[in-house]
Chemist: 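Before I ask anything, let me first share the structure, which is written out below as structure tokens.
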Amino acid sequence: MLAVEQLTELISELNVRVPVLREITNQQDHDQALALMEELIEDYDTNLVAIEALSNSIARYEADAVSFSEFNQRGLGGDPAVATLKVLMDQHNLNTTDFKNEIGGKSMVSQVLSGGKRLTRDHIERLAMRFGLSPALFFK
């Protein structure tokens, strides 16, 4: 069994080697974190703990960074899941045809974005997996 001291030591080493897991302070760190996330999600099951830590770090940075204030303001009010989807679409240059595996066809995605349909729990779980995010992010 792993002792608390050993775990604390491992976490301290990770904080030194990969500080973006804990905190992102600038755009360069953010870019590095996004690149790291893309690599980590290639083996999602193995990297789950790191993915969750990194996604939390990215979410904290994006919530506070001036460069994301327009996105964050757009997300105020309305369905938080749709707001999150719109931000992800903007960040990744995606359109309504890019979510066949997560939501469905172009028509369904358009209906979700316009408020005519709601994202289901299954949609949210698939979106979270695709982007390496916690599903909880879609409910904030």
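In this chain, numbering begins with 1 at the start of the sequence shown. Not measured: the values here are computed from a predicted model.
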Chemist: Where the side chain of Ser12 meets the backbone of Thr8, is there a donor-acceptor pair that is under 3.5 Å apart?
Modeler: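 Checking the backbone N and O of Thr8 against the side chain of Ser12, a donor-acceptor pair under 3.5 Å is found.
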Chemist: Name all residues meeting the side chain to side chain donor-acceptor pair (under 3.5 Å) criterion together with Glu52; count only those two or more places apart in sequence or in a different chain, and write none if there are none.
Modeler: none
Chemist: May I ask you to test the Ser55-Met37 pair for a side-chain heavy-atom distance under 4.5 Å?
Modeler: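 Answer yes - side chains close enough.
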Chemist: State, yes or no, whether a side-chain contact exists between Asn26 and Asp29 at a heavy-atom distance under 4.5 Å.
Modeler: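 A side-chain contact exists here, since the closest heavy-atom pair is under 4.5 Å.
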Chemist: Pairs under 3.5 angstrom only: tabulate donor-acceptor contacts from the side chains of residues 123-130 to other protein residues two or more places apart or in another chain.
Modeler:
unit_1 : atom_1 : unit_2 : atom_2 : d
His123 : ND1    : Thr120 : N      : 3.0
His123 : ND1    : Thr120 : OG1    : 3.2
His123 : NE2    : Ile103 : O      : 3.4
Glu125 : OE2    : Arg121 : NE     : 3.2
Arg126 : NE     : Asn101 : O      : 3.3
Arg126 : NE     : Glu102 : O      : 3.1
Arg126 : NH1    : Asp122 : OD2    : 2.5
Arg126 : NH2    : Glu102 : O      : 3.0
Arg126 : NH2    : Asp122 : OD2    : 3.2
Arg130 : NH1    : Asp98  : O      : 2.6
Arg130 : NH1    : Glu102 : OE1    : 3.1

Chemist: Find the distance between CG (Leu36) and CG (Asp31) and round it off to the nearest 0.5 Å.
Modeler: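 It is 12.5 Å, given to the nearest 0.5 Å.
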Chemist: Can you name the closest pair of heavy atoms from Leu34 and Ile58 and give their distance?
Modeler: CD2-CD1, 3.9 Å
Chemist: Kindly write out the residues that satisfy side chain to side chain contact (heavy atoms under 4.5 Å, CB included) with Glu23, not counting sequence neighbours, or none if the list is empty.
Modeler: Thr25
Chemist: Rounded to the nearest 0.5 Å, how far does CD of Gln6 lie from CD1 of Ile11?
Modeler: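 Taking CD1 in Ile11 and CD in Gln6, the distance rounds to 12.0 Å.
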Chemist: Say you draw a straight line from CZ of Phe99 to CG of Leu113; how long is it, rounded to the nearest 0.5 Å?
Modeler: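 It comes to 8.0 Å.
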Chemist: If I compare all heavy atoms of Leu54 with all of Ala33, which pair ends up nearest, and what's the gap?
Modeler: CD2-O, 3.4 Å
Chemist: Just by distance, do the side chain of Thr97 and the backbone of Lys106 share a donor-acceptor pair under 3.5 Å?
Modeler: no
Chemist: Taking all atoms of both residues into account, what is the closest heavy-atom pair of Thr84 and Leu137, and its distance?
Modeler: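 It is OG1-O, 3.3 Å.
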Chemist: Judged by atom type as modelled, is there a donor-acceptor pair below 3.5 Å linking the side chain of Arg60 to the main-chain atoms of Arg22?
Modeler: yes
Chemist: List in chain and number order the residues that pass side chain to side chain donor-acceptor pair (under 3.5 Å) with Gln32, two or more places apart in sequence or in another chain; answer none if no residue qualifies.
Modeler: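 Scan of Gln32 (side chain to side chain donor-acceptor pair (under 3.5 Å), adjacent residues dropped) gives none.
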Chemist: Could you grab the distance from atom CG of Leu88 to atom CZ of Phe131, nearest 0.5 Å is fine?
Modeler: 5.0 Å
Chemist: Compare every heavy atom of Gly132 with every heavy atom of Ile41, then report the nearest pair and how far apart it is.
Modeler: CG2-CA, 3.8 Å
Chemist: Can you list the residues that meet the side chain to side chain contact (heavy atoms under 4.5 Å, CB included) rule with Asp43, with sequence neighbours excluded?
Modeler: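 Thr46, Asn47.
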Chemist: Any side-chain heavy-atom pair from Gln91 and Glu62 closer than 4.5 angstrom?
Modeler: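 Sidechains of Glu62 and Gln91: in contact.
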Chemist: Who pairs with Arg118 by side chain to side chain contact (heavy atoms under 4.5 Å, CB included), at least two apart in sequence or on another chain?
Modeler: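 So Arg118 forms a side chain to side chain contact (heavy atoms under 4.5 Å, CB included) with Asp79.
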Chemist: How many angstroms lie between atom OG of Ser134 and atom CD1 of Ile51, to the nearest 0.5 angstrom?
Modeler: 12.0 Å
